[in-house]
Each structure stands twice: as C-alpha cells, then as structure tokens.
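Residue numbers count from 1 along this sequence.
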Amino acid sequence: MDKAIIDQLAPNGVLRAGVNLGNILLVTDRTEAGDPIGVSPDMARALADRLGVSVQYVTYPSPGAVADAVAGDNWDIGLIAVEPKRAETVTFSPAYTEIEATYLVPESSGAVSLEDIDMPGMRIAVSDRSAYDLYLSRTLQNATLLRGEGLAGTVDLFVAEELDALAGLRPALLENAKELAGARVLDGRFTTVRQAIGVHPENTEAAKFVADFVHTVRTDGTVQGLIDRHGMTGRLNVGTD
C-alpha cells in the first residue's frame, strides 16, 4: 500500500468514517455499542480492510452535517450523496449505490405526474439539506419548498401543514404511504440520488484510491452483497458512472 494513501486516509492507523444516520436505507440499525449498521458503514469497513487499518464511525444526524464537517479534522471519508454544492468542498468517488427520488401526494391530490408538482401555489415538504433538497432548490421553477428536520420531521411537516407533496427517496416514500391513508407515490423520478465516498479535496492520492476501490466493489459483487445482506434488495441499486 502506498504510504501517501495511508497518510491521507488513516494517518493514525484508523479510518474515521463520517456516516449520515438520517438515511434509513443505508443505516438500518445500531449495535449495542452505538455503531451504525447498514450498507454505508459496511462500505467504510470494507475500505478500511483494503487499507489494512481499523474503522471508527463518526456519526451525524444528516448529510448536511457530514458535509459541513469537512471544514475540520473530523473524518477521513464521508459517506453521503454526490451533489454539485457539496462537490465544492468534497472530492467524491463514483456512486456505490443509487436511489430514485420522487414525490408522495395526499389522497386529495389531483397530481398524476411529476410535472404536476412544480406549479404555482404547490408546497413541497423536503428534508433540509438532503441531496434531493439541494437538487430541487436548483431546478424547481414554481413550487415552494418547506424544509423539515430529518425524515420523520419532514413527514410530520407534510401532515401538519397539509402540504401538496412530500419529496423523498422512493423506497422510504412507499413505506410512508402505508401509514398515510390514501397517499400515493408518483411514478417516475425527478432525480437519482447517488451515494458515494467523499474525501478532503487536498488528498488527491486518496481520492484516486477510493475511486478505484468503488469501481472494484461494484463489479466484483461486494456492493450487491451488502445490499442483499441488509435487506435492501429492490430498494437500493448498485451505482453507475
């Protein structure tokens, strides 16, 4: 292993992995010790194994908090979605998983397509600073975004304010629809959220190593195996370039 890569990713013999606890598809549980369980933490562990070091999880309540922490010496890799705004301060690998983002609408809604949502007067609940919040903030022309704290808080906002749509990841929205009488998830997607491994931008050797690692584990079946192991088959897809 190239010493420059170790020095950049695990200078003290430990790979510190920033993990977003807010994505229930990628972090599905916690150990008794409080460590995250799921596809995302297992990706960090697999990378640490490849480096020949141990892994330490540094957990955050939201992807925005993981992204903010790049400004300090808090993590060596951050596992969050690729997004242009975040890429200003984080160097991302290719995506290891992809998740469709779409809308859930209440029973009373007349919306039948994604295009029906971006209309004047439409109000959309979205998880603050999620990848799809950042995407919608750039692309919506007419509808208004109202931001909730985390997934549960955003659902509560959608219900309490009787909003017109709830933006989110399709698998999570399908679960929400089971709890919200008459609610339905629209066909199609407004974006695909691409989960990746980020490194500090100055760590150029590390960035290439991590990119090569992601390419390898996508093609050798490792990522699909993690998706299957954590019960995410059909909910998460293996990433593409």
Side-chain angles (χ1 to χ4, degrees), residues 20-30 36-40 60-65 80-83 85 95 97-195 227-228 230-240:
N20 165 34
L21 298 180
N23 190 320
I24 59 175
L25 303 174
L26 294 171
V27 177
T28 54
D29 205 348
R30 304 287 289 274
I37 295 172
V39 172
S40 179
Y60 298 86
S62 68
I80 52 174
V82 180
E83 219 290 327
K85 185 64 177 178
T97 65
E98 298 179 347
I99 318 168
E100 289 187 354
T102 185
Y103 298 111
L104 175 148
V105 295
E107 183 177 23
S108 60
S109 177
V112 295
S113 69
L114 299 178
E115 292 73 22
D116 293 332
I117 302 301
D118 189 14
M119 295 292 177
M122 296 291 276
R123 299 177 302 155
I124 304 169
V126 64
S127 181
D128 187 35
R129 299 180 66 202
S130 61
Y132 46 93
D133 173 19
L134 297 176
Y135 175 83
L136 291 172
S137 296
R138 293 197 313 273
T139 60
L140 286 177
Q141 299 296 312
N142 299 295
T144 300
L145 293 173
L146 283 78
R147 295 174 174 85
E149 291 297 324
L151 299 182
T154 305
V155 174
D156 290 344
L157 175 68
F158 170 72
V159 173
E161 298 294 327
E162 299 182 350
L163 301 184
D164 302 293
L166 170 63
L169 303 177
R170 177 177 297 280
L173 292 179
L174 290 171
E175 293 301 313
N176 296 143
K178 296 176 183 178
E179 307 296 326
L180 301 172
R184 52 194 168 84
V185 178
L186 297 183
D187 292 337
R189 64 178 184 267
F190 58 76
T191 191
T192 298
V193 177
R194 306 174 68 246
Q195 299 292 331
I227 290 171
D228 296 340
H230 292 289
M232 292 294 113
T233 307
R235 306 178 78 189
L236 296 176
N237 298 317
V238 176
T240 59

Working note: Ser62 + Asp128, criterion side-chain contact (heavy atoms from CB on, under 4.5 Å); need CA distance, chi angles, decisive distance, verdict. CA-CA 9 Å; Ser62 68; Asp128 187 35; over 6 Å; no
What are the two closest heavy atoms between Leu157 and Ala125, and how far apart are they? CD2-CB, 4.4 Å
In the structure I gave you, are the side-chain heavy atoms of His230 and Ser40 within less than 4.5 Å of one another anywhere? no
Please collect all ring pair (Phe, Tyr, Trp, His ring centres under 6.0 Å) contacts where either partner lies in residues 128-159, sequence neighbours excluded, each pair once. none
Is any side-chain heavy atom of Leu166 closer than 4.5 Å to a side-chain heavy atom of Thr154? yes
To the nearest 0.5 Å, tell me how far Leu145 CG sits from Leu163 CG. 10.5 Å
Main-chain N/O of Thr240 paired with Arg194 side-chain donor or acceptor, under 3.5 Å: yes
Heavy atoms, side chains only, cut-off 4.5 Å: are Arg184 and Ser109 in contact? yes
Can you list the steps and then say if Leu140 with Ile124 is a side-chain contact (heavy atoms from CB on, under 4.5 Å)? CA-CA 11 Å; Leu140 286 177; Ile124 304 169; 3.8 Å; yes
Got a donor-acceptor contact below 3.5 angstrom from the Thr102 side chain to the Leu186 backbone? yes
Between Arg170 (side chain) and Gly188 (backbone), is there a donor-acceptor pair under 3.5 Å? yes
Summary of salt bridge (Lys or Arg N to Asp or Glu O under 4.0 Å) pairs that have at least one residue in residues 148-166, sequence neighbours excluded: none
I need the minimum non-hydrogen distance between Ile117 and Ala111, along with the two atoms involved. CD1-CB, 3.8 Å
Looking only at non-hydrogen atoms, find the nearest pair between Leu151 and Gly22 and report the distance. CD1-O, 3.2 Å
Can I get a per-line list of side-chain donor-acceptor pairs under 3.5 Å for residues 173-181, giving both atom names and the distance, sequence neighbours left out?
| unit_1 | atom_1 | unit_2 | atom_2 | d |
| --- | --- | --- | --- | --- |
| Glu175 | OE2 | Lys178 | NZ | 3.1 |

What pair of heavy atoms forms the shortest contact from Leu21 to Pro36, and how long is it? CD2-CB, 4.0 Å
Return the minimal non-hydrogen interatomic distance between Ala167 and Leu136, and the atom names on each side. CB-CD1, 3.8 Å
Full working for side-chain contact (heavy atoms from CB on, under 4.5 Å) between Asn23 and Leu169: CA-CA 9 Å; Asn23 190 320; Leu169 303 177; 3.7 Å; yes
Give a yes or no on whether the backbone of Gln141 and the side-chain of Asp118 come within a donor-acceptor separation of less than 3.5 Å. yes
Indicate yes or no: at least one non-hydrogen side-chain atom of Leu25 is less than 4.5 angstrom from one of Thr97. no
Could you state the interatomic distance from CG (Leu26) to CD1 (Ile227), rounded to the nearest 0.5 Å? 9.0 Å
side-chain contact (heavy atoms from CB on, under 4.5 Å) between Leu236 and Gln195, worked out: CA-CA 10 Å; Leu236 296 176; Gln195 299 292 331; over 6 Å; no
What closest approach, in Å, do Asn142 and Met119 show between heavy atoms, and which atom pair accounts for it? CB-C, 3.5 Å
State whether the number of non-hydrogen atoms from other residues, nucleotides or ligands found under 6.0 Å of Asp187 atom CG is greater than 12. no
